[in-house]
J.: 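Before I ask anything, here is the structure I am working with.
Just so you know, residue 1 is the first one in the sequence shown, and it goes up from there. All values below were derived from every heavy atom in this structure, side-chain atoms included, with hydrogens, water molecules and symmetry-related copies excluded. Order of appearance sets the numbers: ligands from 1, and atoms from 1 within every ligand. Model, not experiment: these values are computed from the prediction.
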Amino acid sequence: MHKDVTPVWHILGAGAMGCLWAYYLKSAGHPTTLLLKNCAALERFLSTGNITINSATSLASLPVRAELTTQKGNIDYLLLTTKAYDVIPALSAVAHRLHPNSVVILMQNGMGIAEQVCQQFPELNFLLATTTIGAHRNAPFCITEAGLGPTYLGNFAQCMDPNLAQQVYNYLCESNLDISFEPNLNARLWQKLAISCTINPLTAILNCKNGELIKSDEGIQLIKAICDEVETIAQANKIAINQPYFQQVLNVAKQTAENYSSMWQDIQRGRQTEIQYTNGFVIQQGENLQVETPTNQWLIDIFNQLEEESSQAHTHEKNYSDYLH
Ligand code: KPL
């Protein structure tokens, strides 16, 4: 059933990454539907019916379909771009629409999600993706592309039939985004984890752009200490490391110097962050392996306090906007 047909995509998680992929899949001629959680979001989207993408050189809009997650109708190809902590509730919300041949691609920051999905949805055909694309949301369904890097797709613990995985990869290639099938996705996931454990929480705590972190010796030393702990755990897990994580993080901080990280944005908006799936995952792995992770622990303690303060500061705003909708 998966051969020689145009795939029909559903995207769940209409943040920057979800909107970006919806836009590129639709522009490749794939029917694409955004799945939205509530009527307020659906109404907001339907007022234009478009996804808008700003880049350094252009501003473009494209109409896509949208519907509520609770609607009926099979989902064949689902790209899940929610925050890590929303993956299980999101899959549960559309479980009635998935069938034995449905394919789900999980694209989140952080690690530990795939294991939870395997446990709770043992029958699911799923692939993992990790991306280096930089994008942020300016307004609902309107995003800025801040650098199109590669995205890597891989099969978690051979959960998916390799032919089907290849077919999905071919479909994604039609989007014209830079995508590679990665037989050793774990190495990519750990690289990204090192980046997410350093740039993301540090920019949020210090309230700065990515590039500011490497302008002081203290910032660089902190990045090094965090990376060393992540690398020790990765090595204990036999993960291939082709370039020291510290070096990779410095490169990304330089390349994305003018960006505000996704965690910085979450804290500014009073939203829950993915810290439990980044530094929290490293600390948990350290405990399992009896490896100390004092810098990650110190960082997460400060961060938890910041997250709490930011959530409280935005409670009033949230109540007000609930009332308006
Ligand atoms: O992926 C990112 C994020 O913001 O989550 C980085 C690489 C840190 C770029 O801002």
J.: Output all residues satisfying salt bridge (charged side-chain N to carboxylate O under 4.0 Å, His left out) with Lys37, sequence neighbours left out; order by chain, then residue number.
T.: none
J.: Compile the protein residues with any heavy atom at a distance under 4.0 Å from an atom of ligand 1; present them by chain, then by number.
T.: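 The answer is Asn109, Lys192, Ile195, Ile199, Asn200, Asn210, Val252, Ser261, Ser262, counting any residue whose heavy atom sits under 4.0 Å from ligand 1.
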J.: Angle class for the Tyr171/Tyr77 ring planes (parallel below 30°, perpendicular above 60°, tilted otherwise)?
T.: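 Geometry flag for Tyr77 against Tyr171: perpendicular rings.
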J.: So Glu212 and Lys209, salt bridge (charged side-chain N to carboxylate O under 4.0 Å, His left out) or not? Walk me through it.
T.: CA-CA 6 Å; Glu212 295 293 318; Lys209 290 183 178 177; over 6 Å; no
J.: Return yes when atom CD of Glu292 has more than 12 non-hydrogen atoms of other residues, nucleotides or ligands closer than 6.0 Å, and no otherwise.
T.: no
J.: Of all residues at least two apart in sequence or in a different chain, which pass the salt bridge (charged side-chain N to carboxylate O under 4.0 Å, His left out) check with Asp178?
T.: none
J.: For Glu174, enumerate each residue passing the salt bridge (charged side-chain N to carboxylate O under 4.0 Å, His left out) test, keeping only those at least two apart in sequence or located in another chain.
T.: none
